[in-house]
Amino acid sequence: MTIELAVIGGTGVYALGELAGVETHQPVTPYGAPSGPVRVGLYAGRRVAFLARHGEGHSLPPHRINYRANLAALKALGAQRVLALNTVGGITEAYGPRVLACPDQLIDYTWGRISTFCEEPGSEVLHVDFGDPYTPALRQQVLAAAARAGVAVVDGGCYGATQGPRLETRAEIARMRRDGCDLVGMTGMPEAGLARELGLDYACLAIVANWAAGAGPDVDEVITLQDVLDNVAAAMAGVPPLLRSL
Ligand code: HPA
């Protein structure tokens with residue numbers, strides 16, 4: 001049976017509460033094991049898969065995630081559409097804490113991560129088109145689902161993917177703002193690029209947890225994990241209605 005949607009959960013999102021009749025898969029891919037089990041069940045009557053990107057106990061830092069195994073596992077289970085939930089910091093005005101956004105662009109500042117399926121000797125060399133890093137049709141479906149459900153989602157924005165796991169300096173965020181980034185997170189890449197190499201439809205629903213360093217009204221604000229988790233929990237209220245509608 002096909003999977004109509006795969007959801008990858010980020011920081012603060014370790015399960016889909018409404019998933020019914022859950023089957024647990026522990027796939028092993030040619031790239032190794034994914035971050036944890038893939039839970040497949042019915043969500044609003046449709047078959048949905050869920051994978052916690054950092055592991056269900058949040059044991060994997062962003063640079064240690066096996067992004068290739070995660071996406072290969074979802075594809076092998078029959079998923080074609082992937083919605084990535086990414087906890088992020090907000091840089092520009094429209095992207096304050098607790099906002100949900102569906103970005104349409106990204107800039108990759110990560111380094112040293114295996115970022116392609118062309119790594120192994122003998123694998124086909126792919127130069128996939130990545131002008132629109134998120135699948136436009138899936139973005140439109142996400143935005144339409146949000147509108148139907150009455151959930152506010154900012155349409156568009158540029159996601160800057162940083163290496164982490166530390167947060168950024170104020171100068172780094174100022175530079176990212178100059179580059180045109182609206183959001184900053186640590187896991188958007190190589191995930192989006194790998195999804196494109198696999199031919200998966202992929203969109204990001206970004207959950208703004210905090211103002212990025214120096215970006216908010218209080219430039220000296222210190223970002224605490226508790227603020228991040230509180231804001232994610234608050235913003236997550238909109239996610240189940242959006243997913244049901246999607
Ligand atoms: N920077 C990078 N990643 C993040 C942030 C941030 O400020 N907040 C949540 N994820």
Side-chain angles (χ1 to χ4, degrees), residues 7-14 35 51-65 67 70 83-113 115 133-134 152-154 156-194 202-239:
V7 177
I8 302 179
T11 298
V13 188
Y14 305 109
S35 298
L51 174 62
R53 186 186 287 113
H54 296 273
E56 291 179 354
H58 199 121
S59 52
L60 293 167
H63 63 292
R64 288 294 200 179
I65 291 166
Y67 296 93
N70 287 354
L83 180 65
L85 305 181
N86 294 86
T87 300
V88 298
I91 298 177
T92 53
E93 205 182 331
Y95 301 85
R98 305 190 175 193
V99 161
L100 296 175
C102 189
D104 61 350
Q105 277 299 325
L106 67 77
I107 299 180
D108 187 5
Y109 300 91
T110 66
W111 49 270
R113 303 181 181 186
S115 57
Y134 302 108
V153 174
V154 179
C158 180
Y159 177 116
T162 56
Q163 177 70 0
R166 65 164 177 81
L167 296 168
E168 298 72 33
T169 66
R170 281 193 270 272
E172 285 168 337
I173 294 298
R175 169 198 176 201
M176 291 178 76
R177 188 196 290 270
R178 290 193 297 276
D179 284 353
C181 295
D182 299 294
L183 302 164
V184 54
M186 301 173 190
T187 53
M189 283 295 280
E191 199 174 90
L194 292 168
Y202 181 92
C204 163
L205 183 66
I207 302 162
V208 184
N210 55 277
W211 285 114
D218 172 7
V219 292
D220 295 322
E221 186 181 15
V222 173
I223 303 163
T224 68
L225 183 61
Q226 198 53 51
D227 287 345
V228 167
L229 294 178
D230 289 350
N231 287 330
V232 173
M236 274 300 291
V239 173

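For ligands, and for the atoms within them, numbers begin at 1 and follow the listed sequence. Start at 1 with the first residue, then count along the sequence.
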Q: Where is the nearest protein heavy atom to atom 8 (N) of ligand 1: which residue, which atom, and how far?
A: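 For atom 8 (N) of ligand 1, the nearest protein heavy atom comes out as N210 OD1, 2.7 Å.
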Q: Can a salt bridge be assigned to the pair E168 and R175 using a cut-off of 4.0 Å between side-chain N and carboxylate O?
A: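 No salt bridge links E168 with R175.
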Q: Can you check whether T162 has an N/O within less than 3.5 Å of an N/O in ligand 1?
A: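 By distance alone, the answer is no.
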Q: Can you list the steps and then say if I207 with N86 is a side chain to side chain contact (heavy atoms under 4.5 Å, CB included)?
A: CA-CA 6 Å; I207 302 162; N86 294 86; over 6 Å; no
Q: Can you find a pair of side-chain heavy atoms, one from R113 and one from M189, that are under 4.5 Å apart?
A: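 A side-chain contact under 4.5 Å is absent here.
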Q: Looking only at protein heavy atoms, identify the closest one to atom 10 (N) of ligand 1 and say how far it is in Å.
A: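 The answer is T87 O, 3.4 Å.
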Q: Provide, to 0.1 Å, the distance between atom 4 (C) of ligand 1 and the closest protein heavy atom, together with that atom's residue and name.
A: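 The closest one turns out to be V184 O, 3.7 Å.
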Q: Please identify which atoms of ligand 1 are closer than 4.0 Å to at least one heavy atom of G89.
A: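 By the 4.0 Å cutoff, the relevant atoms are 4 (C), 5 (C), 6 (C), 7 (O), 8 (N), 9 (C).
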Q: Apply side chain to side chain contact (heavy atoms under 4.5 Å, CB included) to the pair H58 and T11, showing each step before the final yes or no.
A: CA-CA 7 Å; H58 199 121; T11 298; 3.3 Å; yes
Q: Applying a strict 4.0 Å limit to heavy atoms, is V228 in contact with ligand 1?
A: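 Under 4.0 Å: no for V228.
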Q: With no hydrogens and no angle check, just 3.5 Å: does a side-chain donor-acceptor pair link Q105 and Y134?
A: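 Note: Q105 and Y134 side chains miss the donor-acceptor criterion.
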Q: Out of E168, M186, M176, who is nearest to atom 1 (N) of ligand 1 when you count heavy atoms only?
A: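 That would be E168.
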Q: Tell me which protein heavy atom sits closest to atom 6 (C) of ligand 1, plus the residue, atom name and distance to 0.1 Å.
A: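 Closest protein heavy atom to atom 6 (C) of ligand 1: L167 CD2, 3.4 Å.
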Q: Would you sort out whether D182 and Y159 count as a side chain to side chain donor-acceptor pair (under 3.5 Å), showing the intermediate values?
A: CA-CA 6 Å; D182 299 294; Y159 177 116; over 6 Å; no
